[in-house]
> 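Just passing along the structure, written as structure tokens.
The first residue of the sequence shown is numbered 1, and numbering continues consecutively from there. Note that ligands are numbered from 1 as they come in the structure, with each ligand's atoms numbered from 1 the same way.
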Amino acid sequence: MKFPIYLDYHATTPVDPEVLRTMLPYFTEVFGNAASRNHEYGWTAEGAVEKARAQVANLIGASDKEIIFTSGATESNNLAIQGIAEMYREKGNHIIVSPIEHKAVLDTVEALERKGYKISYAEIDNTGRVKLDKLREMMTDQTILVSIMFANNEVGSINPVAEIGKLCKEKGVFFHTDAVQAVGKVKIDVEAMGIDLLSITAHKIYGPKGVGALYVRRKNPRVRLAPIVHGGGHERGMRSGTLNVAGIVGFGKACEVAGRVMADEMTRISGMRDRLWKAIQNELDEVYLNGHATERLPNNLNVSFAYVEGESLMMAMKELAVSSGSACTSASLEPSYVLKALGVGEDLAHTSIRFSVGRFTTDEEIDYAIQKTISAVKKLRDLSPLYEMAKEGIDLKSVEWTAH
Ligand SMILES: *Cc1c(COP(=O)(O)O)cnc(C)c1O
């Protein structure tokens, strides 16, 4: 076993060796610029990019021409939201997002709000899923875009995406979904699900960092976007800049592999995840699952361990690479905004740990993680006067604390 044991596959994944092998020639022998139209070097690079475009499209039921390569999902989210906002400004100025979107969506709509757009935050239930009837009521004749993530990166809850797509179609509103965490784990079909724009990134599906894509629907309806990066007119004018050929080739391969192994891999991964959760439940009291019990990504386990502070728990089990709160906000000691929005109390939010299992996780590693987590929580609770009082039946809320 290699320590620390990596259980943070929501944050990023290692490049699959098969993906790396496919990429390597594109750094050296096959180095052409995919936009060079005058010689073999360019044509070969272009051919490789087009093959990758088809591989990405294939994984989500899109056609090749609907895939725009970007630097990752942060850029894809920005392009989708800003691109629609600018292009359809005459039609309306209202955008709806979920309150537990990734910061790449939340910060983008906040920037638009400062420019005069109106932003509404959809209501979610206590598992993080959007309430459809409330979403319907929020839509006005000014609404131009609904941006709701496919699956949440902290608690793994999966939204009723096909129903949201249907609702948006009825209302004539574009539907964008940040599908970063769902791609390669859940079957996605942009046609059947009524998705108009969809963001993906390679590094969460065993591809390289710094490359991603935005799916942009071409018909029923055709979606037009104002570009945010101007230049040589690459990617049909929607995203200028010399293409990252090696990265794109790796991304395409990662999508091909994901499509091939998904069904078996998700059975295996959810089995390991469930074993971890069952063992935790069997050995510890006062543990709470965050997110949806079943409508959840197969590799996600977000647990609150009452009376144990998350940061202390991470210190006590340094042999495990996990997250407390979100990886992006763990620099601050604010409880996760996602858990807060789900209505998880501040106390429990501070005790949450996110485990995420992946392609290279082994049974042996899960065994170790089970032992380590249980012993660390027990050790910290043994030192906790609050836990002791709670066990003695003292209602902690009734205790009058004196300040020193
Ligand atoms: C990781 C992540 C992103 C950001 O993707 P990058 O390619 O790292 O910019 C966006 N949305 C979600 C849900 C993510 O998990």
Side-chain angles (χ1 to χ4, degrees), residues 6-15 19 56 59-60 67-82 97-111 122 124 128-130 147-159 161 164 176-186 188 195 197-215 228-229 239 241 244 247-248 250-252 254-255 258 290-292 296-302 322-323 325-331 336-339 341-342 354-358:
Y6 192 72
L7 291 171
D8 204 13
Y9 282 82
H10 282 323
T12 193
T13 60
V15 172
V19 169
V56 175
L59 187 60
I60 58 169
I67 301 298
I68 304 294
F69 286 116
T70 65
S71 64
T74 297
E75 186 188 336
S76 299
N77 287 342
N78 271 268
L79 175 57
I81 297 168
Q82 294 186 51
V97 300
S98 125
I100 60 168
E101 293 295 313
H102 191 270
K103 289 289 181 188
V105 167
L106 293 178
D107 289 354
T108 302
V109 294
E110 275 175 33
I124 54 173
R129 300 178 89 222
V130 166
S147 178
I148 306 268
M149 67 202 324
F150 205 116
N152 182 264
N153 45 301
E154 286 193 36
V155 295
S157 299
I158 300 172
N159 268 309
V161 172
I164 297 170
H176 166 247
T177 188
D178 174 347
V180 166
Q181 295 290 348
V183 168
K185 302 189 188 103
V186 179
I188 297 181
I195 297 164
L197 298 131
L198 178 144
S199 303
I200 325 177
T201 193
H203 76 96
K204 308 251 172 111
I205 55 167
Y206 311 95
K209 292 169 182 61
V211 57
L214 180 66
Y215 156 78
I228 52 178
V229 178
R239 204 284 190 171
N244 170 7
I248 288 169
F251 182 21
C255 288
N290 297 309
H292 200 282
R296 183 162 50 117
L297 292 172
N299 68 329
N300 174 283
L301 180 63
N302 189 312
V322 294
S323 282
S326 167
C328 309
T329 53
S330 64
S336 137
Y337 68 92
V338 172
L339 295 179
L342 265 58
R354 181 187 71 181
F355 302 87
S356 43
V357 180

> Purely on distance, is any nitrogen or oxygen of Asn153 under 3.5 Å from one on ligand 1?
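It does not: no N or O of Asn153 is found under 3.5 Å from an N or O of ligand 1.
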> May I ask you to decide if the ring planes of Tyr206 and Tyr9 are parallel, tilted or perpendicular, using 30° and 60° as cut-offs?
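If you compare the ring of Tyr206 with that of Tyr9, the planes turn out tilted.
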> Just by distance, no angles: are the side chains of Asp8 and Ser323 close enough, under 3.5 Å, to form a donor-acceptor pair?
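Looking only at side-chain atoms, Ser323 and Asp8 do form a donor-acceptor pair, the distance falling under 3.5 Å.
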> Students should be able to answer this: which protein heavy-atom is nearest to atom 3 (C) of ligand 1, and at what distance?
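Answer for atom 3 (C) of ligand 1: His102 NE2, 3.5 Å.
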> Is Glu75 close to ligand 1, meaning an N/O of one under 3.5 Å from an N/O of the other?
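In fact, backbone or side chain, Glu75 has no N or O that close.
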> Can you see whether Tyr337 has Lys103 sitting over its ring - NZ or CZ less than 6.0 Å from the centre and within 45° of the normal?
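Judged by the rule, Lys103 and Tyr337 form a cation-pi pair.
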> Decide yes or no on side chain to side chain contact (heavy atoms under 4.5 Å, CB included) for Glu101 and Asp178, but give the supporting numbers first.
CA-CA 8 Å; Glu101 293 295 313; Asp178 174 347; 4.3 Å; yes
> Indicate, as side chain, backbone, both or neither, the part of Lys204 found under 4.0 angstrom from ligand 1 when only non-hydrogen atoms are considered.
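For Lys204, only side-chain atoms sit under 4.0 Å from ligand 1.
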> Under a 3.5 Å cutoff, is there a donor and acceptor pairing between the side chains of His176 and Ser147?
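Yes, side-chain donor-acceptor contact under 3.5 Å.
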> Have a look at ligand 1 and work out which part of Lys209, if any, has a heavy atom under 4.0 Å from it: side chain, backbone, both or neither.
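It is neither; nothing of Lys209 touches ligand 1.
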> Do the side-chain N and O atoms of His102 and Asn153 include a donor-acceptor pair separated by under 3.5 angstrom?
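There is no such pair between these side chains.
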> Does an N or O anywhere in Ala73 fall below 3.5 Å from an N or O of ligand 1?
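Yes, there is a polar N/O contact under 3.5 Å.
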> Can you pull out the closest protein heavy atom to atom 7 (O) of ligand 1? Residue, atom name and distance to 0.1 Å, please.
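Closest protein heavy atom to atom 7 (O) of ligand 1: Thr201 OG1, 2.6 Å.
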> Flag the pair Thr177 / Tyr215 as yes when at least one side-chain heavy-atom distance between them is below 4.5 Å, and no otherwise.
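Not touching, per the 4.5 Å side-chain cut-off.
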> So Ile200 and Ser76, side chain to side chain contact (heavy atoms under 4.5 Å, CB included) or not? Walk me through it.
CA-CA 7 Å; Ile200 325 177; Ser76 299; over 6 Å; no
> Should you measure from each heavy atom of Thr74, which atoms of ligand 1 turn up under 4.0 Å away?
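Once the distances to Thr74 are compared, the set is 4 (C), 5 (O), 6 (P), 9 (O).
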> If the cut-off is 4.0 Å to any non-hydrogen atom of His203, which atoms of ligand 1 fall inside it?
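Going through ligand 1 atom by atom, the ones under 4.0 Å from His203 are 6 (P), 7 (O), 8 (O).
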> Between the side chains of Thr108 and Asn78, does any donor sit under 3.5 Å from an acceptor?
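A pair is found: one side chain offers a donor N or O, the other an acceptor, under 3.5 Å apart.
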> Do any N/O atoms on Ser71 end up under 3.5 angstrom from N/O atoms on ligand 1?
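Between Ser71 and ligand 1, no N or O pair is found under 3.5 Å apart.
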> Which atoms of ligand 1 sit under 4.0 Å from any heavy atom of Gly72?
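So the answer, numbered in order with elements, is 7 (O).
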> Heavy atoms only, cut-off 4.0 Å: how does Ala104 contact ligand 1, side chain, backbone, both, or neither?
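Neither part.
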> Which residue holds the protein heavy atom closest to atom 13 (C) of ligand 1, what is that atom called, and what is the gap in Å?
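I find the closest protein heavy atom is Asp178 OD2, 3.4 Å.
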